[in-house]
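Below is one structure, written out as structure tokens; the observations come after it.
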Amino acid sequence: IDRLIRISEYAPALSDAESSYEAVLSAVDRETTAEDDPHVIHLRLAAVQCRRLLFILLADKHRSPFLLQIRANDGAKAASGRSSPQEHIINRALLSFVSNDCSLPMRAFILHCLRATPILLFPFFRSLPMPDPKPTYDCLSALAFVSNLLSEGPSVSDCVSQQMPSRADQVIPFILPSSLSKAFLTKAVQSTNAFLVAEALRVICDVLKRVEAYASTFRDETPFEFSLRESLQKRLPDIQMLLALRSRFDPFATVVDEDGMDDAAVLSKEEVVALRLCETLQGYGRVLPDE
């Protein structure tokens with residue numbers, strides 16, 4: 001697979017459509033570009049074939065020998081905290097995509113792979129790296145990607161459907177990436193940059209919604225659910241830290257620029273943070289009522 005990945009990098013870029021991976025899986029993606037030199041056309045054609053095979057191995061649960069073997073397992077390895085060799089192989093490939101191609105089509109393909117085989121979320125979340133919580137493009141882009149995985153990826157119930165975990169800490173790896181630690185999220189919400197704070201709050205809110213959806217599968221409050229909420233509380237920023245954002249990002253404050261005019265752009269950012277904060281605090285109230 002590593003060799004397929006290296007060769008497929010010479011294939012024409014995926015189209016801007018997020019579903020462009022479907023064309024690759026159907027073998028109808030473009031094979032060359034108008035700007036191709038005649039001497040590299042053969043390389044392009046070989047790269048396209050490698051990418052098609054690679055995508056089948058990673059995403060086609062009916063034709064991929066790796067995914068067929070994963071589906072044949074009873075899920076005991078994932079529930080016990082271990083991953084199969086097949087999961088390691090696919091996870092390494094998906095992580096290489098994260099490192100080398102941050103385009104929307106490729107991220108959509110990663111999401112498609114995780115949806116097709118939910119058990120893959122365990123090793124992926126365990127290994128997914130995150131840049132330092134700073135107001136950089138890499139960090140904001142990574143947070144947006146994680147938010148998409150949390151809200152659009154396989155649910156916790158889908159991931160643990162084969163075998164019910166016996167401990168709450170066995171569920172946490174399916175809820176949020178290991179790299180999203182309490183220290184990371186706390187530092188992100190302490191930033192003076194409104195964009196970083198807003199993205200961090202969105203991720204926290206998505207985590208809370210994810211837990212809430214899973215907890216709704218229990219009929220009554222159980223010791224397992226209580227332990228799950230307790231484990232989650234150790235991974236999220238303290239609510240006092242969030243409440244402090246009200247004074248730092250006041251949507252009713254009037255910001256005046258050097259010309260003495262109201263700066264509507266800055267005020268807009270304040271409003272975004274305030275809205276995200278309200279939504280996040282509501283999530284804390286529903287999921288972590290004792291916080």
Worksheet item: Under a single-linkage definition using a 4.5 Å side-chain heavy-atom cutoff for Ile, Leu, Val, Met, Phe, Trp and Tyr, are V189 and L243 assigned to the same hydrophobic cluster?
Response: yes
Worksheet entry | D250 side, atom CG; E270 side, atom CD - distance, nearest 0.5 Å | 7.5 Å
Fill in: Under 3.5 Å donor-acceptor, T117 side chain and I119 backbone
no
Practice prompt. Find the distance between CG (L58) and SG (C113) and round it off to the nearest 0.5 Å.
Written response: 5.5 Å
Discussion item. Testing the 3.5 Å rule here: is there a donor-acceptor pair between the side chains of S155 and D158?
Written reply: yes
Worksheet item: Nearest heavy-atom pair of V203 and L150: which atoms, and what distance?
Response: O-CD1, 3.9 Å
Item to complete: Check the pair V207, V287 against side-chain contact (heavy atoms from CB on, under 4.5 Å), reporting the backbone distance first and the verdict last.
Response: CA-CA 10 Å; V207 169; V287 180; over 6 Å; no
Practice prompt. Would you please test C139 and D132 for side-chain contact (heavy atoms from CB on, under 4.5 Å) and show each step?
Written response: CA-CA 7 Å; C139 184; D132 291 335; over 6 Å; no
Fill in: Joint cluster assignment, I239 & L275, ILVMFWY side-chain distance < 4.5 Å
no
Worksheet item: Can you check whether V24 reaches L54 side chain to side chain, under 4.5 Å on heavy atoms?
Response: no
Worksheet item: Should S127 and F122 count as side-chain neighbours, where that means a heavy-atom distance under 4.5 Å?
Response: no
Worksheet item: Is there a side-chain contact between N91 and L120 (heavy atoms, below 4.5 Å)?
Response: no
Worksheet item: Is there a donor-acceptor contact under 3.5 Å from the side chain of R248 to the main chain of Q190?
Response: yes
Practice prompt. Over all heavy atoms of both residues, which pair between L57 and S64 is shortest? Give the atoms and the distance, please.
Written response: O-OG, 2.6 Å
Fill in: Derivation and outcome, side-chain contact (heavy atoms from CB on, under 4.5 Å), residues V211 and V156
CA-CA 8 Å; V211 174; V156 179; over 6 Å; no
Worksheet entry | Rounded distance [0.5 Å steps], CD1 in I90 versus CG in L95 | 12.0 Å
Worksheet item: Does the side chain of Y214 come within less than 4.5 Å of S157's, by heavy atoms?
Response: yes
Discussion item. Could you check whether any side-chain N or O of T217 sits under 3.5 Å from a backbone N or O of A213, counting only pairs where one atom can act as donor and the other as acceptor?
Written reply: no
Worksheet item: Taking the side chain from R235 and the backbone from L180, do they hold a donor-acceptor pair closer than 3.5 Å?
Response: yes
Worksheet entry | 4.5 Å side-chain heavy-atom contact, F66 and I1 | yes
Worksheet, complete the sentence: What one should report as the nearest heavy-atom pair of C159 and P118 is SG-O, 3.5 Å
Item to complete: Using modelled atom types only, decide if a donor and an acceptor are shared between the side chain of S84 and the backbone of E87 within a distance under 3.5 Å.
Response: yes
Discussion item. Working note: L277 + V197, criterion side-chain contact (heavy atoms from CB on, under 4.5 Å); need CA distance, chi angles, decisive distance, verdict.
Written reply: CA-CA 9 Å; L277 176 61; V197 174; over 6 Å; no
Worksheet item: What do the steps show when you test R107 against E152 for salt bridge (Lys or Arg N to Asp or Glu O under 4.0 Å), and what is the final call?
Response: CA-CA 12 Å; R107 290 185 171 184; E152 303 296 333; over 6 Å; no
Worksheet entry | Donor-acceptor pair between E230 and S227 side chains, under 3.5 angstrom | no
Worksheet item: Does R126 reach the side chain of S178, with side-chain heavy atoms less than 4.5 Å apart?
Response: yes
Discussion item. Out of the candidates D29, L4, I7, only one should pair with R51 under the side chain to side chain contact (heavy atoms under 4.5 Å, CB included) rule; please name it.
Written reply: D29
Practice prompt. Could you tell me if the ring centre of F109 sits under 6.0 Å from that of F55?
Written response: yes
Practice prompt. Of all the heavy-atom pairs spanning P129 and S179, show the shortest one and how long it is.
Written response: C-OG, 4.2 Å
Worksheet item: Atom CZ of R52 and atom CD of Q49: how far apart are they, to the nearest 0.5 Å?
Response: 5.0 Å
Worksheet item: Would a distance-only check, ignoring hydrogens and angles, find a side-chain to backbone donor-acceptor pair under 3.5 Å from D238 to Q240?
Response: no
Worksheet item: In terms of hydrophobic clustering (I, L, V, M, F, W, Y; side-chain heavy atoms under 4.5 Å; direct or indirect links), are L68 and L25 co-clustered?
Response: no
Item to complete: Share the residues that join L43 in a hydrophobic cluster, the rule being Ile, Leu, Val, Met, Phe, Trp or Tyr side chains under 4.5 Å apart at the heavy-atom level.
Response: Y10
Worksheet item: How many angstroms lie between CZ in F174 and CZ in R210, if you round to the nearest 0.5 Å?
Response: 9.5 Å
Discussion item. Within a 6.0 Å radius of atom CZ on F145, are there more than 12 heavy atoms belonging to other residues, nucleotides or ligands?
Written reply: yes
Worksheet item: Is the backbone of I5 close enough, under 3.5 Å, to the side chain of S8 for a donor and an acceptor to pair up by distance?
Response: yes
Worksheet item: What is the distance from atom CE of M130 to atom CG of L143, rounded to the nearest 0.5 Å?
Response: 4.0 Å
Discussion item. Just so I know, are the side chains of L185 and K182 near enough to count as touching, which here means a heavy-atom distance under 4.5 Å?
Written reply: no
Worksheet item: Do D60 and L67 come close enough that some side-chain heavy atom pair is under 4.5 Å?
Response: no
Discussion item. Heavy-atom count check: over 12 atoms from other residues, nucleotides or ligands less than 6.0 Å from K134 NZ?
Written reply: no
Discussion item. Hydrogens and angles aside, do D206 and S151 bring a side-chain donor and acceptor to less than 3.5 Å of each other?
Written reply: no
Discussion item. Determine whether R202 and E199 satisfy the following criterion, salt bridge (Lys or Arg N to Asp or Glu O under 4.0 Å), listing intermediate values before the conclusion.
Written reply: CA-CA 5 Å; R202 180 167 70 164; E199 284 300 313; 2.8 Å; yes
Worksheet entry | Distance-minimising heavy-atom pair for Y284 and P237 | OH-O, 2.7 Å
Item to complete: Verify, without hydrogens or angle tests, whether S141 (side chain) and D138 (backbone) share a donor-acceptor contact under 3.5 angstrom.
Response: no
Worksheet item: Minimum heavy-atom separation for G283 to L208, with atom names?
Response: C-CD1, 3.7 Å
